[in-house]
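Read the structure below first, then the notes.
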Amino acid sequence: AQATGYRAGAQATGDYAGAQATGYRAGAQATGDYAGAQATGYRAGAQATGDYAGVQATGYRAGAQATGYRAGAQATGDCVGAQATGDYAGVQATGKWAVSLAIGDNSSATIQSPEGEKITEGCAISLGIKGKAKGQKGCWLTLAEWEKDKNDNWHRIDVQTKHIDGKKIKENTWYRLVNGKFTQEK
């Protein structure tokens with residue numbers, strides 16, 4: 001499916017689905033095992049749901065969401081937000097006030113700036129088991145720590161947020177929460 005125009009919208013459903021919307025109020029949605037959605041425009045939004053789902057939204061107020069086993073989401077724009085849910089999910093948000101949220105085991109969240117710009121209010125949040133996050137100086141990282149109980153059930157035992165100051169918490173460095181401390185990923 002493809003839609004281009006002022007109030008464009010596209011939807012594709014199927015195992016190998018793909019959707020693309022371009023326009024002022026563009027929106028795209030794809031559902032299926034190998035789904036992919038892309039939306040480009042001032043108020044663009046894209047959502048993909050499936051085992052290998054991937055989305056990309058580009059625009060001033062872009063937003064992207066991916067749900068699936070190896071979901072990935074990327075949003076680019078000044079007021080962007082990207083969310084990925086699923087094991088090994090990866091999410092990246094680029095923009096001045098970007099927020100990147102990854103939920104799932106071994107998931108990762110990243111905040112980046114467009115070339116030459118500085119992000120000061122971005123947040124990279126990873127709340128899954130063995131989750132990791134990184135960002136630029138001035139941004140914030142939020143991580144969760146998990147542990148198994150005697151019945152092999154996982155439980156979140158700690159959630160912490162740290163400011164990337166470039167000294168205690170370094171920029172563009174992967175961190176995990178281990179034993180209640182932000183630990184650099186090696």
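No continuous path of hydrophobic side-chain contacts links Ile164 to Val99 [ILVMFWY only; heavy atoms under 4.5 Å]. Hydrophobic clustering, with ILVMFWY side chains joined whenever heavy atoms are under 4.5 angstrom apart, keeps Val159 apart from Phe182. Grouping the Ile, Leu, Val, Met, Phe, Trp and Tyr side chains by contacts below 4.5 angstrom, directly or via other members, places Leu177 apart from Ile125.
Ile169 places a side-chain heavy atom less than 4.5 Å from the side chain of Leu141. The closest side-chain heavy-atom distance from Lys170 to Gln184 is below 4.5 Å. No side-chain heavy atom of Trp140 sits less than 4.5 Å from a side-chain heavy atom of Thr142. Looking at heavy atoms from C-beta onward, Lys134 lies out of side-chain contact with Thr173 at the 4.5 angstrom threshold. The closest side-chain heavy-atom distance from Asp149 to His155 is below 4.5 Å. With contacts defined as side-chain heavy-atom distances shorter than 4.5 Å, the pair Lys132/Ser108 qualifies. Residues Leu143 and Leu127 form no side-chain contact, since every pair of their non-hydrogen atoms from C-beta on lies 4.5 Å or further apart.
One distance of note links NZ of Lys181 with CD of Glu145; it measures 11.0 Å at 0.5 Å rounding.
No donor-acceptor pair closer than 3.5 Å links the side chain of Glu171 to the backbone N or O of Gln136. Looking only at distances, no side-chain donor or acceptor of Glu185 sits under 3.5 Å from a matching main-chain atom of Tyr175. Within the 3.5 Å criterion, the main-chain N or O of Lys167 finds a donor-acceptor partner in the side chain of Asp165. Put simply, the side chain of Ser107 never gets that close to the backbone of Asp105: no donor and acceptor are under 3.5 Å apart.
Between Trp146 and Arg156, the shortest heavy-atom contact is CZ2-NH2, 3.1 Å. Between Ala124 and Ala109, the closest heavy-atom pair is CB-O, 3.9 Å. Heavy-atom minimum distance, Ser126 versus Gly131: OG-CA, 3.2 Å. Annotation for Val91 and Leu101: closest pair CG1-O, 3.5 Å, computed over non-hydrogen atoms.
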